[in-house]
Chemist: 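Could you have a look at this structure, given as structure tokens, before my questions?
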Amino acid sequence: MTFDRTVKIAPSILAADFANFGAECAAIEKQGADWVHVDVMDGHFVPNISFGPATCAAIRPHIKGVMDVHLMIAPVDPYIDAFAQAGADVITAHVEAGPHIHRTLQAIRAAGVKAGVALNPGTPAAAVEHLLDIADLVCVMTVNPGFGGQKFIDMTDKIRTLRAMIGDRPVHIEIDGGVDVNTAPGVTQAGADVLVAGSAVFRGGSVSNPEPYGENIRAIRAAASGTYV
Ligand code: DX5
Ligand code: ZN
């Protein structure tokens, strides 16, 4: 994985057909997805349960590019090796998931994986201030985590603050929740480069009719770069 700040669209397979993950991952990549975002939920840190490391390992061979694993679980540390073994390129843990996020990020990097740290809407940017030299990505949640298809919560000020705090460090800013053609422009202008989108990518398409995925991805990318009309 080389670092750059060009806009990357990361469809969340939480909005895909759960009976068809392999084909869905291949379809979104073929239709222009940059990263594949994988939402892991434990029914404890968040109120919903999705899937775990075995599912990640099963879909890995169907993803050519970056597998971006978002852990909405607590605790995190006992499961890092399992997700690394499953082939994650990025593992993101929540700052709210436990008292030792610094140790967690160190452990993710020690497992040979890029380390991400996520912030719930209620958590200030300052929570990651002392983590920026051991993190590869900061994920700004623009919904309260747990479900796809929720209404976007404006975090523009937090994104701007983080962008200034990051400076020249090679740290991505990822936005997760409610990203669509209407919300993408503001977050990229504020400094985000990775846009997670679930419902806005998978809407209208399927494995047997994947063209809408491509149209949706191109529309979000165009909106993010200010060329969407
Ligand atoms: C929320 C997840 C998100 C979400 C995105 O808990 O982390 O990745 O599924 O879905 P949309 O784009 O539908 O808000
Ligand atoms: Zn996510």
Side-chain angles (χ1 to χ4, degrees), residues 7-18 21 24-25 28 31 33-53 55-56 59 63 66-74 76 79 83 86 88-97 108 113-123 135-155 159 172-188 192-205 212-213 215-217 219-221 223-224:
V7 171
K8 290 161 280 294
I9 310 296
S12 165
I13 60 165
L14 198 61
D17 175 1
F18 270 44
F21 274 147
E24 290 274 45
C25 289
I28 52 174
Q31 294 295 325
D34 299 291
W35 293 10
V36 176
H37 185 83
V38 182
D39 283 310
V40 176
M41 303 180 180
D42 68 350
H44 167 74
F45 179 70
V46 290
N48 195 8
I49 300 176
S50 58
F51 45 76
T55 305
C56 293
I59 64 177
I63 300 172
V66 171
M67 184 160 90
D68 175 34
V69 177
H70 177 193
L71 298 183
M72 288 161 275
I73 68 173
V76 173
Y79 303 102
F83 287 102
D89 296 291
V90 182
I91 296 177
T92 296
H94 271 259
V95 77
E96 306 86 2
I108 294 170
V113 180
K114 300 282 184 199
V117 56
L119 295 170
N120 281 337
T123 305
D136 302 290
L137 176 148
V138 178
C139 174
V140 178
M141 295 303 302
T142 40
V143 296
N144 287 295
F147 303 94
Q150 300 184 83
K151 192 176 176 319
F152 179 83
I153 303 168
D154 188 355
M155 292 282 134
I159 301 164
H172 298 288
I173 298 181
E174 177 176 75
I175 307 301
D176 190 1
V179 172
D180 60 18
V181 291
N182 300 308
T183 56
V187 298
T188 47
D193 62 298
V194 184
L195 306 186
V196 175
S199 30
V201 166
F202 285 92
R203 180 177 300 143
Y213 297 166
E215 289 159 19
N216 294 336
I217 290 168
I220 297 167
R221 200 189 303 282

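Whatever order the structure lists ligands and atoms in, that order sets their numbers, starting from 1. Just so it is clear, the values below take in all heavy atoms, side chains as well, and ignore hydrogens, waters and symmetry mates.
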Chemist: Within less than 4.0 angstrom of ligand 1, does Gly146 place any heavy atom?
Modeler: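 It does; at least one heavy atom falls under 4.0 Å.
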Chemist: Return yes or no for this condition: an N or O of Gly149 is under 3.5 Å from an N or O of ligand 1.
Modeler: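 Yes; at least one N/O pair falls below 3.5 Å.
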Chemist: For the pair Thr183 (side chain) and Gly178 (backbone), establish whether a donor and an acceptor sit closer than 3.5 Å, ignoring hydrogens and angles.
Modeler: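 Between the backbone of Gly178 and the side chain of Thr183 there is a qualifying donor-acceptor contact (under 3.5 Å).
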Chemist: Determine whether any heavy atom of Ala15 lies closer than 4.0 Å to an atom of ligand 1.
Modeler: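 Contact absent.
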Chemist: With side chain to side chain contact (heavy atoms under 4.5 Å, CB included) as the test, pick out the partner of Phe21 among Ile63, Val38, Val36, Ile59.
Modeler: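 In the set Ile63, Val38, Val36, Ile59, the residue that makes a side chain to side chain contact (heavy atoms under 4.5 Å, CB included) with Phe21 is Ile59.
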Chemist: Do Asp136 side-chain atoms and Ala115 backbone N/O form a donor-acceptor pair below 3.5 Å?
Modeler: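 Judged by distance alone, yes, a pair lies under 3.5 Å.
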Chemist: May I ask you to decide if Ile153's main-chain N or O and Thr142's side chain share a donor-acceptor pair within less than 3.5 Å?
Modeler: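 No; zero donor-acceptor contacts below 3.5 Å.
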Chemist: Say whether, by atom type as modelled, one donor and one acceptor occur between the side chain of Asn48 and the main chain of Gly146 under 3.5 angstrom.
Modeler: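 It does hold such a pair.
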Chemist: Counting only heavy atoms, which portion of Ser12 has something under 4.0 Å from ligand 1: side chain, backbone, both, or neither?
Modeler: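 The part of Ser12 near ligand 1 is the side chain, not the backbone.
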Chemist: What protein heavy atom sits nearest atom 12 (O) of ligand 1, and how far away is it?
Modeler: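 The answer is Gly198 N, 2.7 Å.
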Chemist: Show me which atoms of ligand 1 lie under 4.0 Å from any heavy atom of His37.
Modeler: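 That gives atoms 8 (O) of ligand 1.
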Chemist: Which residue supplies the protein heavy atom nearest to atom 14 (O) of ligand 1, what is that atom called, and how far is it?
Modeler: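 Ranking protein heavy atoms by distance from atom 14 (O) of ligand 1, first comes Gly178 N, 2.9 Å.
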Chemist: Pull out every atom of ligand 1 sitting under 4.0 Å from any heavy atom of Ala197, numbered as shown with elements.
Modeler: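 Within the 4.0 Å cut-off of Ala197, ligand 1 contributes 12 (O).
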Chemist: N/O of Gln150 under 3.5 Å from N/O of ligand 1, yes or no?
Modeler: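 Between Gln150 and ligand 1 (N or O atoms, distance only) the closest approach is not under 3.5 Å.
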Chemist: Could you walk me through whether His94 and Glu96 pass the side-chain hydrogen bond (donor to acceptor under 3.5 Å, both in side chains) test, one step at a time?
Modeler: CA-CA 5 Å; His94 271 259; Glu96 306 86 2; 2.9 Å; yes
Chemist: Run the side-chain contact (heavy atoms from CB on, under 4.5 Å) check on His172 and Val90 step by step: do they pass?
Modeler: CA-CA 11 Å; His172 298 288; Val90 182; over 6 Å; no
Chemist: Show which atoms of ligand 1 fall inside a sub-4.0 Å distance from at least one heavy-atom site of Ser199.
Modeler: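 In order of number, 11 (P), 12 (O), 13 (O).
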Chemist: How far apart are the C-alpha atoms of Asp39 and His70, what are their side-chain angles, what is the distance that settles it, and do they pass the side-chain contact (heavy atoms from CB on, under 4.5 Å) test?
Modeler: CA-CA 5 Å; Asp39 283 310; His70 177 193; 3.1 Å; yes
Chemist: Could you tell me whether a side-chain N or O of Asp89 sits under 3.5 Å from a main-chain N or O of Asp68, the two making a donor and an acceptor?
Modeler: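 Side chain of Asp89 to backbone of Asp68: no pair is present.
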Chemist: Could you tell me, atom by atom, which parts of ligand 1 come under 4.0 Å of a heavy atom of His70?
Modeler: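 It comes down to these atoms of ligand 1: 7 (O).
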Chemist: Run through Val7, Ile159, Ile173 and flag the one making a side chain to side chain contact (heavy atoms under 4.5 Å, CB included) with Thr188.
Modeler: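 Between Thr188 and the candidates, side chain to side chain contact (heavy atoms under 4.5 Å, CB included) is satisfied uniquely by Val7.
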Chemist: Out of all atoms in ligand 1, which are within 4.0 Å of some heavy atom of Gly148? Include the element for each.
Modeler: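 So the atoms of ligand 1 that pass are 9 (O), 10 (O), 13 (O).
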Chemist: In the protein, which heavy atom is nearest to atom 1 (C) of ligand 1, and how far is it?
Modeler: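 Atom 1 (C) of ligand 1 sits closest to the protein heavy atom Phe147 O, 3.6 Å.
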Chemist: If you count the atoms of ligand 1 from 1 in the order shown, which ones are under 4.0 Å from a heavy atom of Val196?
Modeler: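 Listed by number with element, the hits are 8 (O).
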Chemist: Would one find more than 12 heavy atoms of other residues, nucleotides or ligands at under 6.0 Å from atom OH of Tyr79?
Modeler: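 Incorrect, the count does not exceed 12.
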Chemist: Without swapping roles, check the side chain of Glu24 against the backbone of Ile13 for a donor-acceptor pair under 3.5 Å.
Modeler: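 Absent.
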Chemist: With a 4.5 Å heavy-atom cut-off, do Val40 and Phe51 have their side chains touching?
Modeler: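 Val40 reaches Phe51 side chain to side chain.
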Chemist: Is there a donor-acceptor pair closer than 3.5 Å between any side-chain N or O of Asp180 and the backbone N or O of Asn182?
Modeler: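 It does hold such a pair.
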Chemist: Closer than 2.8 Å to the Zn ion (ligand 2), which protein N, O or S atoms?
Modeler: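 Protein N, O or S atoms closer than 2.8 Å to the Zn ion (ligand 2): His37 NE2, Asp39 OD1, His70 ND1, Asp176 OD2.
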Chemist: Between ligand 1 and Leu14, is the shortest N or O to N or O distance under 3.5 Å?
Modeler: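 No; the residue has no nitrogen or oxygen that sits under 3.5 Å from a nitrogen or oxygen of the ligand.
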Chemist: Of the non-hydrogen atoms in Asp42 and Phe45, which two are nearest, and what is the gap between them?
Modeler: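 Closest pair (atom of Asp42, atom of Phe45, distance): OD1-N, 2.7 Å.
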Chemist: State the atoms of ligand 1, each with its element, that fall below the 4.0 Å cut-off from a heavy-atom position in Met72.
Modeler: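 Counting atoms of ligand 1 from 1, those under 4.0 Å from Met72 are 6 (O), 7 (O).
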Chemist: Look at atom 2 (C) of ligand 1 and find which of Val179, Val143, Asp39 reaches it with the closest heavy atom.
Modeler: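 It is Asp39 whose heavy atom sits nearest to atom 2 (C) of ligand 1.
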Chemist: Answer yes or no: does an N/O atom from Asp176 fall short of 3.5 Å to an N/O atom of ligand 1?
Modeler: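 Yes, Asp176 has an N/O under 3.5 Å of an N/O on ligand 1.
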Chemist: So if I count the atoms of ligand 1 from 1 in the order they appear, which ones are less than 4.0 Å from some heavy atom of Pro145?
Modeler: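 Atoms satisfying the 4.0 Å criterion: 6 (O).
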